[in-house]
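Some notes on the structure that comes next.
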Amino acid sequence: MNWIADRARAFDSSGIRKVFEMAATMKNPINLSIGQPDFDVPPPIKDACVDAIQGGKNAYSVTQGIAPLRERLTSIVRAEYPHPDRSLFVTSGTSGGLVLTMMTLVNPGDEVVFLDPYFVMYEPLTKLVGGVPRPVPCYPDFRVDLDRVADAITPKTKLLIVNSPANPTGVMLTEEEVRGLAELAKERNVAVVSDEIYRAFDYDGSFVSPAKFNDRAIVIDGFSKSHAMTGWRVGWVHGPQEVIQEMTKLQQYSFVCAPQPCQWGAVAALDVPMDDHVADYRRKRDLIVEGLKDKYELVVPGGAFYVFPKAPGGNGTKFVERCLKEELLVIPGKIFSGQDTHFRISFAASDATIERGIEALRKLAG
């Protein structure tokens, strides 16, 4: 008897996780692979979470999230997007929000369009719910070719996913690109889903959301990257009331709720300024770009904390294998793409680690 369902066999475990496991076996790796901030959760957030635990706020919260957090987030969203039909709920991380979005909107056979390179979860989650991934290549500069996206949309297309600032490229879409995608989705009656988990890391002041141009846009956001709360699992989704209502219902039967003490920490997070950390990451961005731009073909990232250079020799997997021999941990581009020509560097690391990485990468470039 074959006990394993076909959906579980439809994809492999994340190649990023394999790199993490490999890092644990190395004595002194140069780790530029991890996609999470290297600073700690700010003390006021920790204190609020501890106070919640000590105060007995340890049970389930209501599925949609504690009222103080929802009210604060709703106020922020309504000030930015004054659409009359916009609702919000708290999710178990942005990954949980993405899973619920797919489960709510995608039927078997529906197509999901997204730009390639893409966040590693988009393709397997589409397959998990029986959908058909339709990645749209945007090499070599990772800009949007609106005609190419339009050509990828068919009568079977249900979702268009936008991720800006992007993982793995760090590219920030321009207002013209975002407007074009948002209006295309509206014109074709396709749901546009905006993954905005990196929006705080905007180095050039150019972030804009599809929700500005499309009142039916579904936006996924959270505290994981902006406040280094990756392990706390607190995100949120806002969008049309009908969609949010169905997603909340599915959360009740899956994740139940985000951890309640962490939600109280998230309330405090909304009052903690993170500008200094963002400025520090802008400096790290400049440090690694300056250190590599004469040796590697790369696009300067406008946000997030990644660079996605072209691999010397044009094969990302083979180049990453060479890096591993130097105990340098980076991620092969094929994990995020239908192409295997690039590799991802995370500059969410200490300056010392980044400088070691630059030295190793310059040596490997020849």
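Given the structure is predicted, the values throughout are model-derived calculations rather than measurements.
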### Task
Dump the intermediate steps for side-chain contact (heavy atoms from CB on, under 4.5 Å) on Ile244 and Leu88, then the final yes or no.
CA-CA 7 Å; Ile244 299 303; Leu88 178 149; 5.8 Å; no
Rounded to the nearest 0.5 Å, what separation is found between the [atom1] atom of [X] and the [atom2] atom of [Y]?
X      : Y      : atom1 : atom2 : result
Ile161 : Asp195 : CD1   : CG    : 8.0 Å
Arg282 : Asp286 : CZ    : CG    : 8.0 Å
Met121 : Thr126 : CE    : OG1   : 10.0 Å
Leu329 : Ile30  : CG    : CD1   : 8.5 Å
Lys186 : Leu181 : NZ    : CG    : 13.5 Å
Leu105 : Leu100 : CG    : CG    : 10.5 Å

Side chain of [X], backbone of [Y]: donor and acceptor closer than 3.5 Å?
X      : Y      : answer
Asp204 : Ser206 : no
Lys284 : Ala348 : no
Thr174 : Glu177 : yes
His238 : Ser87  : no
Asn107 : Asp110 : no
Ser92  : Cys257 : no
Gln64  : Phe89  : no
Asn315 : Phe319 : no
Asp116 : Pro137 : no
Asn163 : Pro165 : yes

### Task
Hey, can you tell me if Phe336 and Phe308 have their rings parallel, tilted or perpendicular (30° and 60° cut-offs)?
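Correct class here is perpendicular.
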### Message
Does this structure show an ion pair linking Asp280 with Arg283, if we count only N-O contacts that are shorter than 4.0 Å?
### Response
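Between Arg283 and Asp280 there is a salt bridge, with a charged N closer than 4.0 Å to a carboxylate O.
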### Message
Could you check whether Arg322 pairs with Glu326 (Lys NZ or Arg NE/NH1/NH2 to Asp/Glu carboxylate O, under 4.0 Å)?
### Response
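No salt bridge links Arg322 with Glu326.
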### Message
Please determine whether the number of non-hydrogen atoms from other residues, nucleotides or ligands lying under 6.0 Å from atom NZ of Lys295 exceeds 12.
### Response
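Yes.
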### Query
Hey, is CD on Gln241 packed in by over 12 heavy atoms from elsewhere, all under 6.0 Å?
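Counting neighbours around CD of Gln241, 12 or fewer heavy atoms of other residues, nucleotides or ligands fall under 6.0 Å, so no.
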### Task
Report the C-alpha separation of Glu80 and Lys212 in whole Å, then their side-chain angles, then the decisive distance to 0.1 Å, and conclude whether the salt bridge (Lys or Arg N to Asp or Glu O under 4.0 Å) test is met.
CA-CA 8 Å; Glu80 190 166 1; Lys212 180 178 179 181; over 6 Å; no
Check [X] against [Y] and note the closest heavy-atom contact, atom names and distance.
X      : Y      : result
Ile45  : Val272 : CG1-CG2, 4.0 Å
Pro301 : Val289 : CD-CG2, 4.0 Å
Ala59  : Gln260 : O-NE2, 2.9 Å
Ser33  : Ile331 : CB-CD1, 3.6 Å
Phe39  : Lys225 : CZ-O, 4.1 Å
Leu69  : Val90  : CD2-CG2, 3.8 Å

### Query
Do you know which of Phe142, Phe347, Phe119, Tyr198 makes ring-ring contact (aromatic ring centres under 6.0 Å, His included) with Tyr306?
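The ring-ring contact (aromatic ring centres under 6.0 Å, His included) with Tyr306 is passed solely by Tyr198 among Phe142, Phe347, Phe119, Tyr198.
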Tell me whether [Y] is reachable from [X] by hopping between hydrophobic residues (I, L, V, M, F, W, Y) whose side-chain heavy atoms are closer than 4.5 Å.
X      : Y      : result
Val106 : Val219 : no
Val62  : Ile66  : no
Val132 : Met102 : no
Phe207 : Val192 : no
Val300 : Met172 : no

So do [Y] and [X] actually touch side chain to side chain, heavy atoms under 4.5 Å?
X      : Y      : answer
Tyr296 : Leu364 : yes
Tyr203 : Val278 : yes
Pro133 : Lys127 : yes
Arg344 : Val307 : no
Glu242 : Arg216 : yes
Val193 : Ile220 : yes
Lys57  : Trp264 : yes
Leu125 : Val112 : no

We want to know whether [X] and [Y] form a side-chain donor-acceptor pair, criterion being a heavy-atom distance below 3.5 angstrom.
X      : Y      : answer
Thr154 : Glu111 : yes
Gln251 : Thr91  : no
Thr104 : Thr101 : no
Ser337 : Gln339 : no
Glu196 : Ser194 : yes
Glu123 : Tyr118 : yes
Thr230 : Gln36  : yes
Asp215 : Tyr81  : no

### Message
Pair Glu359, Arg362 - check salt bridge (Lys or Arg N to Asp or Glu O under 4.0 Å), show working.
### Response
CA-CA 5 Å; Glu359 182 180 359; Arg362 292 185 66 84; over 6 Å; no
#### Entry: salt bridge (Lys or Arg N to Asp or Glu O under 4.0 Å) assessment of Asp340 paired with Lys318
CA-CA 9 Å; Asp340 189 15; Lys318 289 182 179 178; over 6 Å; no
### Task
Please report the C-alpha distance between Asp38 and Tyr281 in whole Å, then the side-chain angles of each, then the deciding distance to 0.1 Å, and finally whether the side chain to side chain donor-acceptor pair (under 3.5 Å) criterion is met.
CA-CA 10 Å; Asp38 69 317; Tyr281 274 66; 2.4 Å; yes
### Task
Decide yes or no on salt bridge (Lys or Arg N to Asp or Glu O under 4.0 Å) for Asp271 and Arg72, but give the supporting numbers first.
CA-CA 10 Å; Asp271 294 319; Arg72 289 287 305 277; 3.0 Å; yes
### Task
Report the C-alpha distance between His342 and Tyr139 in whole Å, list the side-chain angles of each, state the deciding distance to 0.1 Å, and finish with yes or no for ring pair (Phe, Tyr, Trp, His ring centres under 6.0 Å).
CA-CA 10 Å; His342 289 61; Tyr139 291 87; 5.2 Å; yes
